[in-house]
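Worth knowing before you read on, the calculation uses all heavy atoms, side chains too, and leaves out hydrogens, waters and symmetry mates. All residue numbers refer to positions in the sequence shown, counting from 1.
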Amino acid sequence: MLRLLLSLIAALCAAVGILAAAQAAPSEAAPPATVRLLNRDIVTLRATVFDATPEQRVWRIEQRLRDVPASEIDAPLRLLDVHTDGIQGVQILLGSRALMTLTTKDVDAESGQTLQHLAEQTRQRLEELRAAYRDTVTGANLRSGLLRAVVATAILGVLLWVGWVGTGRLLAWMKQKRDTWAAVHAHVDWREFMGNVLVYAVRVVQVGLAALLLYLWLTRVLDGFAATEPLAQALTAWFFDTLAWLWRGTLASIPGIATVAIVLGLTNAVASAVQVMFNGVRDGRLRLPGVHPDTSTATRRLATLTIWALGIAIAYPYLPGSSSDAFKGLSVLLGLMVTLGSAGIVTQGMSGLVIIYSRALKRGDFVRVGEVEGVVTEVAALATKIVNIRNEEVTIPNAVLVANPIHNYSKLAGTHGTLLSTKVTIGYDAPWRQVHALLQQAAAATEGLRTTPEPRVFQRALSDFYVEYELLFAIDKPIERIPTLSRLHAAIQDAFNEAGVQIMSPHFFAQPERPVVVPKSQWDGVPPAAS
């Protein structure tokens with residue numbers, strides 16, 4: 001019983017589906033199709049007649065027209081009204097041969113055309129098709145078309161050769177003048193720039209002239225044969241329609257282009273005024289609340305970027321074609337690229353702003369970041385460049401720079417100089433007053449140390465084996481930090497050796513019987529010659 005019930009339900013569903021398909025089929029109208037022979041449109045069919053779609057009717061009509069024997073080509077074309085199975089139409093006959101039947105449903109309702117008018121128009125086009133066929137099979141017309149094609153090809157070859165050689169010589173002369181201007185002027189001269197622009201302009205003109213000549217040749221050759229004459233006419237119509245479209249588009253875009261020019265001009269004026277204002281803050285000629293001279297350049301760039309972003313956003317809707325799908329697709333593509341690749345860039349950029357607005361360093365400062373020590377040559381949006389003592393340029397991403405402590409030896413150098421220190425360990429048997437005096441004596445003998453503030457000595461630790469002394473001093477040139485320390489260390493060794501005071505480095509397991517010093521008589525000793 002259950003199987004029987006399921007079978008009935010399945011049969012009922014199938015019947016409903018078949019009925020729905022049968023009811024939906026008539027509502028789906030077949031697309032129109034056009035009868036076309038010898039590149040000529042004869043008539044467009046829209047009706048389905050006796051289960052024959054427009055495409056099937058077109059195929060049958062074209063087949064009948066191709067099957068017309070040569071002996072019947074000159075037969076008269078006649079129109080005959082027909083009424084079959086409630087269908088009203090007009091039959092077109094060539095002599096006694098039926099070519100096609102047009103119905104009232106083949107008429108384009110929106111054009112206001114009648115069936116009789118459509119039938120008469122089709123008959124005229126068939127007359128034109130017959131005349132074109134005669135011209136196609138006539139030997140005289142073929143010879144005339146071939147002759148015109150040969151002449152047009154010869155003229156095309158001569159014009160292409162003359163144009164290509166002439167523009168080639170002109171380009172060679174222009175390149176020579178451009179290279180001469182570039183060799184005379186070390187910097188980029190405006191004449192060199194204009195020379196490049198003119199060279200590319202001549203190349204564009206050269207290609208454009210060649211394309212125009214090929215277009216004229218093609219239309220001339222196609223126009224010489226009856227079968228391809230409609231193609232020539234279509235090419236000509238397309239060319240002039242394109243020129244008219246470009247002209248209309250140019251005229252229509254003039255107000256938008258003028259608006260864009262005005263908006264961008266005002267934007268440039270505002271950006272220039274902001275630039276002058278922040279340059280005054282940078283040079284110390286102007287003061288603005290919350291803007292430091294060290295951060296004025298970065299603030300100026302951010303303000304200029306914001307102003308231009310607002311200007312472009314205001315001007316964008318007035319650009320010709322801004323609402324087209326191409327512009328929309330490009331905007332989506334750029335947005336996707338920025339979204340996918342901006343994470344790291346934004347991190348570096350924000351880190352750069354932190355560095356700039358914290359005034360941790362600037363160009364020309366002598367700094368130490370981690371293991372890198374040198375002079376800052378560039379503080380950019382994404383990275384900072386430092387040249388070390390070995391003249392190596394080290395690029396540090398701003399995110400790494402923010403994550404590490406920055407030792408700036410130049411920032412306070414203008415007031416008290418850059419403060420440095422060095423340590424030395426001396427045994428307890430040396431009087432501390434003598435050690436202080438020796439360290440200050442070595443500092444006074446070292447070139448590059450400032451006398452103000454005066455070098456000072458501190459006892460940093462009383463260790464198990466020695467006393468740790470630290471000499472604190474200031475230098476004028478932070479970039480000379482390493483050479484100055486080297487000279488100071490040499491002076492300390494000389495002073496302690498001359499005084500006979502032992503430096504307790506390295507450690508000893510047992511105190512030697514005599515002080516571990518270098519006698520003054522051996523200070524200038526010459527190393528033994530290499531064997």
Side-chain angles (χ1 to χ4, degrees), residues 28-85 87-108 111 113-150 218-238:
E28 297 179 357
T34 301
V35 179
R36 184 177 178 82
L37 285 176
L38 293 181
N39 297 308
R40 287 166 170 79
D41 292 340
I42 307 302
V43 65
T44 299
L45 305 180
R46 295 176 172 82
T48 299
V49 179
F50 299 122
D51 295 333
T53 64
E55 185 176 358
Q56 293 172 342
R57 293 173 62 198
V58 166
W59 181 83
R60 293 173 184 175
I61 292 170
E62 290 178 352
Q63 193 65 33
R64 291 194 203 105
L65 290 173
R66 293 190 184 96
D67 292 341
V68 173
S71 58
E72 298 182 16
I73 289 294
D74 296 328
L77 286 166
R78 296 183 298 115
L79 302 179
L80 179 64
D81 293 335
V82 294
H83 299 275
T84 304
D85 294 337
I87 299 176
Q88 181 181 358
V90 175
Q91 192 174 47
I92 301 177
L93 302 111
L94 180 63
S96 60
R97 180 185 294 268
L99 298 180
M100 67 184 74
T101 300
L102 304 178
T103 68
T104 53
K105 293 183 179 180
D106 289 321
V107 179
D108 186 4
S111 65
Q113 194 179 40
T114 63
L115 177 60
Q116 294 299 327
H117 183 271
L118 176 63
E120 182 60 29
Q121 182 186 58
T122 305
R123 189 187 67 80
Q124 292 177 1
R125 291 181 178 178
L126 286 173
E127 290 285 2
E128 295 173 0
L129 177 65
R130 179 160 55 183
Y133 175 76
R134 291 195 193 100
D135 292 340
T136 302
V137 298
T138 302
N141 292 327
L142 288 175
R143 288 192 296 271
S144 175
L146 289 173
L147 180 61
R148 292 171 61 180
V150 171
L218 183 60
T219 55
R220 184 63 176 171
V221 171
L222 293 177
D223 190 58
F225 301 94
T228 56
E229 182 181 358
L231 296 179
Q233 295 174 357
L235 279 176
T236 303
W238 170 84

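- For the pair D106 and R46, the salt-bridge criterion is not met [side-chain N within less than 4.0 Å of a carboxylate O].
- Once rounded to the nearest 0.5 Å, the distance linking CG of D81 with CD of Q116 reads 5.0 Å.
- Of all the heavy atoms in L79 and V90, the pair that sits closest is CB-CG1, 4.1 Å.
- If you take CG on L99 and CG on L77, they are separated by 6.5 Å, rounding to the nearest 0.5 Å.
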Stepwise side-chain hydrogen bond (donor to acceptor under 3.5 Å, both in side chains) check, T34 with T44: CA-CA 4 Å; T34 301; T44 299; 3.1 Å; yes

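- A30 and P54 make their closest contact through CB-CD, 3.7 Å (heavy atoms, listed as atom of the first residue, atom of the second, distance).
- For R220, the side-chain contact (heavy atoms from CB on, under 4.5 Å) partners at least two apart in sequence or on another chain are R148, A152.
- Note: L93 CG to T101 OG1 = 8.0 Å, rounded to the nearest 0.5 Å.
- Between R125 and E128 there is no salt bridge, since no side-chain nitrogen of the basic residue lies less than 4.0 Å from a carboxylate oxygen of the acidic one.
- Remark: the backbone N or O of L231 is not paired with any side-chain donor or acceptor of T228 at under 3.5 angstrom.
- Note that CZ of R60 is 14.5 Å distant from CG of L65, once rounded to the nearest 0.5 Å.
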Residues R66, L37; criterion side chain to side chain contact (heavy atoms under 4.5 Å, CB included); working and verdict: CA-CA 9 Å; R66 293 190 184 96; L37 285 176; 3.7 Å; yes

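- Contact record, Q91 with A98: NE2-CB, 3.6 Å, taken as the closest heavy-atom pair.
- When all heavy atoms of A119 and I92 are compared, the pair lying nearest together is O-CD1, 4.2 Å.
- In terms of heavy atoms, L126 sits closest to M100 at CD1-CE, 4.3 Å.
- Looking at T103, D108, V107 one by one, the single match for side-chain contact (heavy atoms from CB on, under 4.5 Å) with L118 turns out to be V107.
- One distance of note links CG of L94 with CZ of R123; it measures 12.0 Å at 0.5 Å rounding.
- Across every non-hydrogen atom of R36 and N39, the tightest pair is NH2-O, 3.3 Å.
- Not counting sequence neighbours, the partners of R97 by the salt bridge (charged side-chain N to carboxylate O under 4.0 Å, His left out) test are E72.
- R57 places no side-chain N or O within donor-acceptor distance of the main-chain N or O of A52, the cut-off being under 3.5 Å.
- No more than 12 heavy atoms of other residues, nucleotides or ligands lie within 6.0 Å of CD in E55, so this atom counts as exposed by the packing criterion.
- Interatomic distance, E62 CD to I42 CD1, rounded to the nearest 0.5 Å: 9.0 Å.
- Between I61 and L45 the shortest side-chain heavy-atom distance falls below 4.5 Å.
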